[in-house]
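Data block below; observations after.
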Amino acid sequence: MNHCTKCGTPAPEGQAFCENCGEPLNQPGRSSVYCEELVQPVRKVTFGEAVKNFFKNYANFSGRATRSEFWYVWLFNVVANLAFGLLAEMGLGIFATIFPIAVLIPNLALDWRRLHDIGKSGGWWFILFVPLVGWIFYLVWMCTDSKEDNQYGPRKTEANRDIIP
């Protein structure tokens, strides 16, 4: 029986990744724990999973959020704001006012987790206040692919789907 070098969880022979933390495991005949063949691609979430995680992690500023999580929630917010805008045209403007306020904190938390995913501190979010240049940096960072495991947690992969939301 193998054990994960990162968290110590026992793993059956031939298993490539730790079920607990997603860390690649040593396998016979492999020269390195971080062999290219063992690196799993970033997990892609569905639209529904992204929106569910968005509300589930309402004020969670720690951890990581993948690129697909971020952009699906962005799409959800655009569609929801358009729908509430239509309701405002029908005299139900209160909903168009309440929704942006209700999702302000979760959007900020998601932005911070997205910055963590690319290896940056959430404090870099304040670059948005730098005229013109700040928005360019922010947009580039939100489009950047996930980095490997970092101080904010392990990279989200299919191997650790059930462990990391």
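Note that this is a predicted model, so its numbers are computed, not measured.
Annotation: Phe95, atom CZ; neighbour count of heavy atoms from other residues, nucleotides and ligands within 6.0 Å does not exceed 12. In the displayed structure, Trp71 atom CH2 is contacted under 6.0 Å by more than 12 heavy atoms of other residues, nucleotides or ligands.
Using a distance-only test at 3.5 Å, with no hydrogens or angles considered, no donor-acceptor pair links the side chain of Arg155 to the main chain of Glu148. The backbone N or O of Arg64 sits nowhere less than 3.5 Å from a side-chain atom of His116 that would complete a donor-acceptor pair. A side-chain donor-acceptor contact under 3.5 Å links Arg113 to the backbone of Asn60.
Summarising the geometry of Ala96 relative to Phe84, their closest heavy-atom pair is CB-O, 3.6 Å, with the distance given to 0.1 Å. Residues Lys147 and Thr144 come closest through the heavy atom pair NZ-CG2, 4.0 Å.
In this structure, Tyr72 and Val51 have side chains that are not in contact, with every pair of non-hydrogen atoms separated by 4.5 Å or more. Side-chain atoms of Phe54 and Asn107, non-hydrogen and from C-beta on, do get closer than 4.5 Å to each other. In this structure, the side chains of Trp141 and Ile127 come closer than 4.5 Å at one or more pairs of heavy atoms. Side-chain atoms of Trp112 and Ser62, non-hydrogen and from C-beta on, never get closer than 4.5 Å to each other.
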Please lay out, stage by stage, how Arg67 and Asp145 fare under the test side chain to side chain contact (heavy atoms under 4.5 Å, CB included). CA-CA 7 Å; Arg67 189 169 43 180; Asp145 197 13; 3.6 Å; yes
Could you go step by step and tell me if Phe70 and Asp111 meet the side chain to side chain contact (heavy atoms under 4.5 Å, CB included) rule? CA-CA 8 Å; Phe70 175 82; Asp111 287 356; 3.1 Å; yes
Report task. Verify side chain to side chain contact (heavy atoms under 4.5 Å, CB included) between Val79 and Leu75, making sure each step is shown before the conclusion. Result -> CA-CA 6 Å; Val79 171; Leu75 176 64; 4.2 Å; yes
Review point. What do the steps show when you test Tyr138 against Trp124 for side chain to side chain contact (heavy atoms under 4.5 Å, CB included), and what is the final call?
Key: CA-CA 9 Å; Tyr138 174 80; Trp124 278 103; over 6 Å; no
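The residue from Asp117, Asn57, Asn53 that alone fulfils the side-chain contact (heavy atoms from CB on, under 4.5 Å) condition with Glu69 is Asn53.
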